[in-house]
Each structure stands twice: as structure tokens, then as C-alpha cells.
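Per chain, numbering begins at 1; letters A, B, ... match sequence-line order.
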Number of protein chains: 2
Amino acid sequence: MHTIDTLALMQTSPRRYHHGDLRAALLARAEETLREKGTAALSLRELARDLGVSHAAPSRHFKDKQALLDALALVGYERLTRVMAESQADAGEAFRKRLEAMVHAYVGFCLDNAVLLDLMYSIKHDPEASEALQEATRQWSELIEVLVSDGQRSGEVREGSIERVGVPVFATLHGYADLAATGMLPPEIAEHGLDEVIAFMLRGCAPDGRA
Amino acid sequence: MHTIDTLALMQTSPRRYHHGDLRAALLARAEETLREKGTAALSLRELARDLGVSHAAPSRHFKDKQALLDALALVGYERLTRVMAESQADAGEAFRKRLEAMVHAYVGFCLDNAVLLDLMYSIKHDPEASEALQEATRQWSELIEVLVSDGQRSGEVREGSIERVGVPVFATLHGYADLAATGMLPPEIAEHGLDEVIAFMLRGCAPDGRA
DNA sequence: ACCTGAACACCGTTCAAGT
DNA sequence: ACCTGAACACCGTTCAAGT
């Protein structure tokens, strides 16, 4: 139908109307510049220039700059959740193996997406975070809860509520990844220290008399 | 000497020349607006307006906006180091007590300075962080190293290099504080979970057969 | 529906000039 | 030494108008 017209329009006047999905293009390009030049250097006008649309065009898809940043953070959370979920799918049944897989996935994601991660966390300071964002972080922390409660069922993890057992595991996981991603831990140490951190976590959540 | 002249000048023409220490005033006011409105809302021009100087005046003290943010981060690290050092001074000798004091100090600081903390960590992404900043973070991580190695000397902490024993403790401490500060951990849980996190850390770094 | 182009208020940075 | 005031290039946001 009018798909052909649209294609023709795109070929004959590539500057007048953007290709099909400006929204997605904006997000993709925004993440690129985030990676290359940091959050501070991200400008809506430059983004529009890069994509060959007018500087006002982005406002159709994101009501303001913050809305774009929020959407970017959401992409990050979804990606992180996916990576963590995949790590669990391939890790077998043993708690130790599953914990190892999750730590590797989480640390890997943080190292690969350091600036995006910064954005993801700073968004959380905003009390009016979107519902979608809340949901994304919920799904994410749920993966850790599932891991821990499965470990409790199989007797590999000490008893206790998620608050008592899951939170410390979560904290260690997150802290290590963050230290590595921000460079507070030198890369050599970050790499080499993973096994030790996992052992530390296993001792921390092992049942009594089984440390 | 000319102190009197300066004072007279300040009283008679409060708008023409700023009081003695514009640099300190800029930092103080910057931190206030950081707290009130977040990093994104920080503007050099508004800062200057607030302090009654011209918009170009700050450039005498900070070569650009990033330089002011760096200086602000440095203030944060120095404050954090001081708070942590004080916690150790009052905590007695037992490893457990000292660890408790440090965790409380660190978490407390993060909760009180959430936005500043964001700045402190995002600065670290910048590979060209200043020497003073490097030194500040070094002093800070050293406090944890001292705590751990003292614990090893008294037999309360398992043997092993700082990389092996100190890093996991550091990661857990940092991760818990960060989760609490970013609101990823609901405040009720963050408060109540502290003791459990400390117990987790103690199990993680206890000597073998003493968990 | 989606985008343009002009307009507005604001920003960071620089620099000659003032005291 | 420290600050001013004007200038420049850039930005986010809005809005009537175009297709």
C-alpha cells in the first residue's frame, strides 16, 4: 500500500522525512554517543543533526531530554535482565554454578555498559521514575530472589527471608560489579578477584556448620 | 593592612567584589543546589547570580564546569574518608565492632550524600581524574585495608592477601550502601538489613572452621 | 501523524577592559 | 589579583505552519 510511497519518499528526499522509526534511531544513536563521549555531551540537537532531521523532531517521540534518558535507562535494565536470565538458563542446577554464572553476567554487563549503568542508577534517584522502569528493576531483582530461594530449597543456602539472605548476596554482587565498572578496582584485580568474591558469597550464605 | 580596606570595600559595595573566598563560596553553593535540584540543574551562571558576582567570575577559580565538578567530588571523598576514619577511632578493638562502625559510617554517608556520591563515582569514569582525586580514593580504600589486616593479626579474619579478603568486604559494604542510597533497596529494608549484612560479611571473612 | 523553521530564554567559554 | 561586560556559539523547548 503506502509502504511503496514511503520508500519512494525516502529515496528521493532523504532529508525531508526520516526513515520509519525515528524513536528507535534516536535511542540507538544516543547510546552510541553516550559510549563515545559521555552523558554530559549528549545533546538533542546534535542527535537530530546526526540523523538528518530537524532539531524539533525528537520532541514528537520524547517530550524532553529527560524522557529520552529515562527511555535509555529502561533499555539498559531490560538488557541487563535479559543477560542475567540467559546466564541462569545455561548454568545447570547447582547453586554454586548458577551464582557464578550470574556474577559473571552482571559484572560483564557493568563493564560493557559503564556509562549506561551510571544513567540507570542516577535515574533511580528520581522519585518519579516511570512505572515501566519500576517494573524493569523488579524483574531484575526477582532473578536474584529466585536464585536464592532455589538454593534454600536444595539446602545449599541457609534459611531466612529474602531480606536476610538475598540482600547481602545482591549487595556483594552489585558492589563488586560497580567497583570494577567505575575503575575503583583496577582491571587486573577485578578479573582475578571474581572467584574469591564468589567463595566469599558462598561462605556468607552457606547453612550453619557447612561453611 | 589591606584587610581593613577589603572589609570596607565589602561593606560599601557588596556587589562589586565578592567576599574573601569566592572559590569556597562557589563550592558550598554548588553542593546546596546539587542537593536541592540535582546535578543536571547545576549552572555556573546561576551559581554566579546566587553569589552576586558576574557570570565570568567563576572561571578565575575553576577553568570550566568540569573542574568545579571535580573539586566537588574531591570534597566528597575527603568527607567520606574523614567520616570513616572517625568511625574507627571510636569503635574499640574488636574486628566485629570496627566493621559495624565502618558499615554504619559508610551507609550513613551514602544516604546523606546520594547525589554527591553519584558525582564522585561518575568522575571515576574519567580516565584523566586528577592526582588529588586519586589520592583521596586511595586514602579511603586504605582504611578498609587497615581494618582487614588488623583483623587478620588478631585472628578474627581469615588469612589471604587484601585482594582475596579485603575486596569482597569492600564490595559488600559498597554495594549495600549504594543499593540503599539509590533507593533500589526500600528504606525500611535498608535500615533493618544492616545487621544481617554485617553477619554475612563476618561469615565470609571468618577463619576456616570458625564460621 | 510526523516533521519543519523560526523564536525565546538560557547556557559555557573567552577576552579585552576595568580597579 | 580579581572581577566586569560584551560577544559567540550552542543548547532545550515551544509553536504555528507545512505535507
Figure out the [atom1]/[atom2] separation between [X] and [N], and round it to whole Å.
| X | N | atom1 | atom2 | result |
| --- | --- | --- | --- | --- |
| A:Arg23 | C:dC3 | CZ | P | 13 Å |
| A:Leu42 | C:dC11 | CG | C1' | 16 Å |
| A:Leu44 | D:dT14 | CG | P | 11 Å |
| B:Glu46 | C:dC11 | CD | P | 6 Å |

Between protein and nucleotides 5-10 of chain D, what N or O pairs are separated by less than 3.5 Å?
| residue | atom | partner | partner atom | Å |
| --- | --- | --- | --- | --- |
| D:dA6 | N6 | B:His55 | NE2 | 2.9 |

Verify the neighbour count for atom [atom1] of [X]: are there more than 12 heavy atoms of other residues, nucleotides or ligands below 6.0 Å?
| X | atom1 | result |
| --- | --- | --- |
| B:Glu131 | CD | no |
| A:His61 | NE2 | yes |
| A:Arg79 | CZ | yes |

- Task: Look at B:Arg82 together with B:Glu78 and state whether they make a salt bridge at an N to O cut-off of under 4.0 Å.
- Result: no
- B:Glu46 with B:Lys37: basic N within carboxylate O range, under 4.0 Å: yes
- Return one dot-bracket line describing DNA chain C 5' to 3' (Watson-Crick or G-U wobble pairs, both distances under 3.5 Å; ( ) same strand, [ ] crossing, | another strand, . none). ||.|||||...|||||.||
- Sequence neighbours excluded, the answer for salt bridge (Lys or Arg N to Asp or Glu O under 4.0 Å) partners of B:Arg45 is none
- For A:Asp50, enumerate each residue passing the salt bridge (Lys or Arg N to Asp or Glu O under 4.0 Å) test, keeping only those at least two apart in sequence or located in another chain. A:Arg29
- Item | Within residues 59-69 of chain A, residues whose heavy atoms come under 4.0 Å of DNA chain C | A:Arg60, A:His61
- Message: Run the ring-ring contact (aromatic ring centres under 6.0 Å, His included) test against B:Phe95 and tell me which residues pass, sequence neighbours left out.
- Response: none
- Run the ring-centre check on A:Tyr121 versus A:His174 and record whether the distance is less than 6.0 Å. yes
- Item | B:Tyr106 and B:Trp140 aromatic ring geometry - parallel, tilted or perpendicular at 30°/60° bounds | parallel
